[in-house]
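Comments concern the structure below.
What you are looking at is a predicted structure, and each value in this text was computed from that prediction instead of being measured.
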Amino acid sequence: IEFLDDVLSLDPDFILLQWYTNDAEGRDKSRRPMPYRLIPSDYVSGLLHRNSALYYLLKQKWNELQSALGLIGSYSESMDERFGGPESADSRRYDRELSEFVTKVNNHNLGMGIVLFPNLVETGGNLDKYPFGYLFDRVLSVCIENNIECVDLRQVLDPDMPVSELWVNRLDSHPSAAVNAIAADAILERFTKQW
């Protein structure tokens with residue numbers, strides 16, 4: 001919601017919110033699992049992170065090992081702890097923020113849509129067992145209550161699509177070009193009449 005005023009100052013015709021799991025967290029990332037560091041020096045770690053794919057892979061495997069050994073929790077566990085119950089303080093805060101966002105857009109008499117983008121790391125390539133479905137369901141409820149068109153990309157992406165096609169590459173778990181093309185087609189199909 002913090003950037004909405006900047007967007008509204010541009011006098012848009014339509015607001016399309018790409019909703020992602022970390023939107024519920026807002027700026028508070030403090031309760032994410034914090035793995036033990038591979039290299040204690042911020043300078044050396046930053047330098048290697050920017051310049052060495054090998055270091056990036058080693059760090060990734062080091063973090064996975066800590067999780068597998070139970071030394072740290074998982075991201076989905078931390079999100080469940082914060083948002084799993086709809087009456088938790090974090091859930092209520094986020095519900096308020098999303099409601100404020102919708103109200104502010106409605107007060108400007110703008111059309112609005114929401115696109116729910118799944119966390120492609122946590123799916124493990126299996127969208128049928130998506131661990132953040134409860135968060136998606138809450139946003140979908142807001143869409144229904146406020147008559148907002150909503151695209152749930154879990155329903156559009158092929159559940160049998162291998163991780164190698166979901167991700168940019170094995171080092172970058174952001175959505176691949178193929179996923180973005182599928183999302184673009186779904187968005188155009190849903191919103192073209194309004195646009």
Ring pair (Phe, Tyr, Trp, His ring centres under 6.0 Å) pairs touching residues 133-158, sequence neighbours excluded, are Trp19-Phe136, Tyr130-Phe136

Which residue pairs satisfy the salt bridge (charged side-chain N to carboxylate O under 4.0 Å, His left out) criterion with at least one member in residues 141-151, sequence neighbours excluded? Glu149-Arg190

Identify the residue among Ile114, Ile144, Leu17, Val115 that makes a side chain to side chain contact (heavy atoms under 4.5 Å, CB included) with Cys150. Ile114

Val102: what forms a side-chain contact (heavy atoms from CB on, under 4.5 Å) with it, not counting sequence neighbours? Asn106, Met112, Val142, Asn146, Ile148

Hey, are the side chains of Tyr56 and His49 touching, using non-hydrogen atoms and a 4.5 Å cut-off? yes

So the salt bridge (charged side-chain N to carboxylate O under 4.0 Å, His left out) pairs with at least one residue in residues 42-57 (sequence neighbours excluded) are Arg37-Asp42

When you look at Leu188 and Trp195, which way does the side chain to side chain contact (heavy atoms under 4.5 Å, CB included) test go after all the steps? CA-CA 9 Å; Leu188 288 172; Trp195 294 346; 4.0 Å; yes

Any donor-acceptor pair under 3.5 Å from Arg82 side chain to Ala89 backbone: no

With heavy-atom distances below 4.5 Å as the criterion, would you say the side chains of Leu98 and Arg138 are in contact? no

Please name all residues satisfying side-chain contact (heavy atoms from CB on, under 4.5 Å) with Asp185, sequence neighbours left out, ordered by chain then number. none

Do Asp23 and Leu135 touch side chain to side chain, with heavy atoms closer than 4.5 Å? no

Could you check whether any side-chain heavy atom of Lys59 comes within less than 4.5 Å of a side-chain heavy atom of Tyr55, counting everything from C-beta outward? yes

Can you list the residues that meet the ring-ring contact (aromatic ring centres under 6.0 Å, His included) rule with Tyr20, with sequence neighbours excluded? none

Is the backbone of Asp137 close enough, under 3.5 Å, to the side chain of Ser141 for a donor and an acceptor to pair up by distance? yes

State, with a plain yes or no, whether a side-chain heavy atom of Met79 is found less than 4.5 Å away from one of Glu25. yes

What I'd like to find out is whether the side chain of Phe132 reaches to under 4.5 Å of the side chain of Pro118, using heavy atoms alone. no

